[in-house]
J.: 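First the structure, which I've put down as C-alpha cells, then a few questions once you've had a look.
Note that the coordinates shown come from a computational prediction; the quantities given were computed from them, not determined experimentally. The chains referred to below are lettered A, B, ... by the order of the sequence lines, with proteins before strands, and numbering in each begins at 1. All heavy atoms count here, side chains included; hydrogens, waters and symmetry mates do not.
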2 protein chains.
Amino acid sequence: MATSIADRAYGTIRADIVFGRLSPGARLRLDRLADVYGASVSTLREILSRLSSEGLVIAEGQRGFRVASVSPAGFEDVAAMRLLLETYALPLSFSAGDLEWESRVVAAHHKLAFMERRMLAGDQKDTELWKRYDREFHQSLIEACGSQTLLDLYGSVFDQYLRYQMVAVVFRGEIAAEEHRTLLDSVLTRNADRACAVLTQHVNGCVAYTLESGALV
Amino acid sequence: MATSIADRAYGTIRADIVFGRLSPGARLRLDRLADVYGASVSTLREILSRLSSEGLVIAEGQRGFRVASVSPAGFEDVAAMRLLLETYALPLSFSAGDLEWESRVVAAHHKLAFMERRMLAGDQKDTELWKRYDREFHQSLIEACGSQTLLDLYGSVFDQYLRYQMVAVVFRGEIAAEEHRTLLDSVLTRNADRACAVLTQHVNGCVAYTLESGALV
DNA sequence: ATTTTCAAAATATCAGATAATTTGATTAAT
DNA sequence: ATTAATCAAATTATCTGATATTTTGAAAAT
C-alpha cells in the first residue's frame, strides 16, 4: 500500500472540488462522503478540516462542511494573490535557477505545449490533464525561488485559481499557448521582467475572459 | 457552550506552539495530547491536520505529528513572505480604509503602546499579551485592503513569524515602539510609502536582531 | 560494528454510541 | 396570510474502544 487511505481520499476530493465535480456551495454530508470515497467519517473530517484551511472547503459552525462558493470578486482576489506571489518569485527563481531547473521548465513546457496542440486540434476531452500540465509549468517557473513558504502558499492559491478557471471551462487556445511560449523563452534568456509582464497579461487576460463569459454570475 | 471542544483545543494548541510551550520539533503523541487538552484522539487528529496545513505542525507519513522545527533560513523565509504580503496590502488598505477603519487602528495602537510602556518599565511578564496586541495592530493596518485571501494567508504567515520571535523572546523596546508610532502616524496622514519603508525596516531589524541573538542556532 | 529479529508502542482507520444542533414540516397565533 | 412556536428526524460533534499496520528500540546473531 503506497499511500494511506486518507491521502488517497484527500487527493480525490480535492481534485473533485478543483475540477468542479463537487459544485461550489454543495453541502458535504459526512456519511454520504464516507460511502463515496471509501473512508470513515473520522477520516473524512480530518480531510475536510485540511481542505478548509486551504480555502477550498468551508466549515460552518456546527453545520458541517460545504464546498467553498465562488464569486467574480473571489476570482479577482485569488488572481491578484497569484500574481503577487508569482511575480515576486519569478525574478528570484530566474536568478537562482541552475541548468537542472531550466531543463525541468523545458520539460514541463513540452508536456503543456503538446496538450495545447491537442486541444487546439479540437480534442477537448483531456481538459483536466491539460490544466495539470499548466499548473506544473507555472510551478516549475518559480520552483527555484528558494522559499518553501512561498511555494506552499502558491500551491494553495493556484488550486483556488484553477477551480475558478474550471468553473467556466475556458480554453483561450492560441493566446495562452503563445504566452506560455514567451514565458519559456524568458526563462532561456533569463529575462525576468519580460516574464512578469507576460504573466500579468496572462492572468489578467484569463480573469477578464472568464468573467466576460458570464459563467460566474 | 459557546465554542466547540475542537475550537477550544485548536486555539490552545496553536498558542502553545506559537508561544513556545510546545518546542519546535517536539513529537505530538496523540494519546498524551488527548489527556492534556481534554479532547479525543479523533478530534486531536482533526486539529493537528489543520495546523499542519498552516505550517505549524508537520505530519510525517505514518509516524504521527510533530511541532514544525525552526531554522534561521526558515525565519528569513517567513519574514520575507510577511513583508511581501504586508507591503502589498498596506497601500491598498490606506487608500480604501474609512474613518471606521482608522479608528480601529488607533485603538489597536493604543493597546499595543500601553503594553510597550509596561514592558519598557521592566514588567516583562505579559509578553504573550504584548505579542497579541502587536499582531492585532499589524492586522488592523491591512484590514481594509479588501482581499480576504490575503488576510487569511497573512494570518497564517504572521503566526509562523511570531513563533520565531517568541523562540528568541526578543524585546527591542524603544526601537520597535518608535516604529509602531511611525506606522500609526502614516495611517493618519495616509502615507503608504512611508509605512512600507518603516515596516520593512521593522521586520528586517527584528529578524537581524533575533538571528544575532543566536537563539535559533 | 552491523545486521537481523521480534515484541512493545504508537498510529491509522473504523464502527458504533451519545449528546447537542440544525432542519423542515406542522401547528398555533397574530 | 404571514409570523411564531413546536417537535420529530436528520446531521453533526465527539467519544470509546477495537483492529490492522507501522514504527521503535532492544536483544540476538553475524
J.: Salt-bridge test for B/E54 and A/R50: reply yes if a basic N is under 4.0 Å from a carboxylate O, no otherwise.
T.: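 Judged by the 4.0 Å cut-off on N to carboxylate O distance, B/E54 and A/R50 do not form a salt bridge.
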
J.: Start with the C-alpha distance between B/Y88 and A/Y88, add both sets of side-chain angles, then the distance that settles ring-ring contact (aromatic ring centres under 6.0 Å, His included), and finish with yes or no.
T.: CA-CA 11 Å; B/Y88 174 79; A/Y88 174 79; over 10 Å; no

J.: In residues 39-67 of chain A, what residues come within less than 4.0 Å of DNA chain D, judged by heavy atoms?
T.: A/R45, A/G61, A/Q62, A/G64

J.: Return the value, rounded to whole Å, for the distance between atom CG of B/L28 and atom C1' of C/dA10.
T.: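 It is 13 Å, rounded to the nearest whole Å.
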
J.: Give a yes or no answer on whether the side chain of B/R45 reaches the backbone of A/S42 with a donor-acceptor pair at less than 3.5 Å.
T.: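 A pair under 3.5 Å: no.
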
J.: To the nearest Å, give me how far apart CG (A/L30) and P (C/dA15) are.
T.: 14 Å

J.: Rounding to a whole Å, what distance do you find between A/L33:CG and D/dA13:P?
T.: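 Checked: the CG to P distance equals 12 Å.
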
J.: Taking the inter-plane angle between the rings of A/F158 and A/H138 on a 0 to 90° scale, is it parallel (under 30°), tilted (30 to 60°) or perpendicular (over 60°)?
T.: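 It falls in the tilted class, 30° to 60°.
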
J.: Keeping B/D31 on the side-chain end and B/V41 on the backbone end, is there a donor-acceptor pair under 3.5 Å?
T.: no

J.: With respect to the side chain of B/I5, which nucleotide from D/dC15, C/dA10, D/dA13 is positioned closest?
T.: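 Nearest listed nucleotide: D/dC15.
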
J.: Under the criterion salt bridge (charged side-chain N to carboxylate O under 4.0 Å, His left out), which of B/R132, B/R14, B/K131, B/R82 is the partner of B/D159?
T.: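 Checked B/R132, B/R14, B/K131, B/R82 against B/D159; only one passes salt bridge (charged side-chain N to carboxylate O under 4.0 Å, His left out): B/R14.
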
